[in-house]
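What follows is one structure encoded as structure tokens, with my remarks underneath.
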Amino acid sequence: MAVTVEDVRRIATPLPRAYEVVVRDRVKWRVGSIVWLAFSRDETELGFAFPREERAALVESEPDVFFLPGQVDLRYQWVEAWADAIDLDRLPELVLDAWAMVVPKSVSAPYFAGLRADR
């Protein structure tokens, strides 16, 4: 079963400084003006912030799940995934890691500390 916009929304929307927008019929999440998570128009692909220097290894390790963005977007710290190949159990990690790349540590550190305290 494919990861849906609603699955991502449940995780992404409550995050500090994160907000959802629709741009050219695509659902995206931003922090300020930075897009850190986005679905394709047909919602079959999910792109997210990911360290540029690590994405080739990610794609090579799981080419059936992850793929590089288009040539124009290779300059960004971004990777793509097939929505129907993402394990729902893995989704929170992908979303939280992408969010943590775009917010200041002064925002992400207390959030993650709160998660650990809740366990």
Side-chain angles (χ1 to χ4, degrees):
M1 187 163 112
V3 165
T4 66
V5 170
E6 192 54 42
D7 294 328
V8 173
R9 185 176 285 135
R10 276 192 293 276
I11 301 164
T13 300
L15 295 171
R17 300 193 185 181
Y19 63 98
E20 183 179 335
V21 295
V22 176
V23 179
R24 296 187 189 102
D25 298 323
R26 292 183 61 190
V27 179
K28 301 180 178 196
W29 280 265
R30 290 183 176 165
V31 167
S33 63
I34 299 170
V35 174
W36 58 277
L37 196 61
F39 274 93
S40 59
R41 281 184 184 86
D42 64 3
E43 299 178 9
T44 61
E45 301 169 17
L46 176 64
F48 53 94
F50 193 83
R52 189 180 301 113
E53 61 278 357
E54 296 175 23
R55 67 183 174 197
L58 178 69
V59 170
E60 288 172 16
S61 71
E62 295 182 76
D64 54 328
V65 178
F66 302 103
F67 58 98
L68 293 175
Q71 188 68 33
V72 174
D73 293 327
L74 282 175
R75 66 180 184 244
Y76 299 114
Q77 298 204 79
W78 196 257
V79 74
E80 303 269 344
W82 299 110
D84 63 355
I86 301 171
D87 181 358
L88 277 174
D89 292 336
R90 189 178 195 182
L91 185 62
E93 176 187 357
L94 297 176
V95 171
L96 290 171
D97 287 351
W99 168 78
M101 283 187 63
V102 299
V103 294
K105 296 281 186 251
S106 62
V107 173
S108 63
Y111 181 84
F112 288 123
L115 286 181
R116 285 189 295 276
D118 291 342
R119 290 186 180 173

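In terms of heavy atoms, Lys28 sits closest to Ala38 at CG-CB, 3.6 Å. Scanning both residues, Ala49 and Met101, for their nearest heavy atoms gives C-SD, 3.6 Å. Pairing each heavy atom of Pro69 with each of Leu74, the nearest pair is O-CD2, 3.8 Å. Considering all non-hydrogen atoms of both residues, Val3 and Phe39 come closest at O-CE2, 4.1 Å.
Val5 is not connected to Trp82 by any chain of hydrophobic side-chain contacts under 4.5 Å among Ile, Leu, Val, Met, Phe, Trp and Tyr, and they are in different clusters. The cluster map of Ile, Leu, Val, Met, Phe, Trp and Tyr, joined by side-chain heavy atoms under 4.5 Å apart, puts Leu68 and Phe48 in the same cluster. Follow the hydrophobic side-chain contacts under 4.5 Å out from Val65 and you reach Val59 in the same cluster. Leu37 and Val35 are assigned to two separate hydrophobic clusters, defined by single-linkage of ILVMFWY side chains at heavy-atom distances under 4.5 Å.
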Practice task
Go through Leu46 and Leu91 one step at a time and tell me if the side-chain contact (heavy atoms from CB on, under 4.5 Å) criterion holds.
Solution key: CA-CA 11 Å; Leu46 176 64; Leu91 185 62; 4.2 Å; yes

Practice task
Go through the steps for Trp29 and Thr13 under the test side-chain contact (heavy atoms from CB on, under 4.5 Å), then give the verdict.
Solution key: CA-CA 8 Å; Trp29 280 265; Thr13 300; 3.4 Å; yes

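Pairs of residues two or more places apart, or lying in two chains, that qualify as side-chain hydrogen bond (donor to acceptor under 3.5 Å, both in side chains) and include a residue from residues 41-53 are Ser40-Asp42, Asp42-Thr44.
With sequence neighbours left out, Arg90 forms a side chain to side chain contact (heavy atoms under 4.5 Å, CB included) with Leu58, Glu62, Phe66, Asp87, Glu93, Leu94.
Side-chain atoms of Trp36 and Val103, non-hydrogen and from C-beta on, never get closer than 4.5 Å to each other. Two residues are said to be in side-chain contact when any heavy atoms from C-beta on lie closer than 4.5 Å; Leu15 and Val95 meet this criterion. Taking the side chain as every heavy atom from C-beta outward, Trp99 and Ile11 never approach each other to under 4.5 Å. Two residues are said to be in side-chain contact when any heavy atoms from C-beta on lie closer than 4.5 Å; Tyr111 and Pro16 meet this criterion.
At most 12 heavy atoms of other shown residues, nucleotides or ligands fall within 6.0 angstrom of atom CZ in Arg17.
The hydrophobic cluster around Val23 extends to Tyr19, Val21, counting ILVMFWY residues whose side-chain heavy atoms fall within less than 4.5 Å of a member.
The main-chain N or O of Trp78 is found under 3.5 Å from a side-chain atom of Arg55 such that the two form a donor-acceptor pair.
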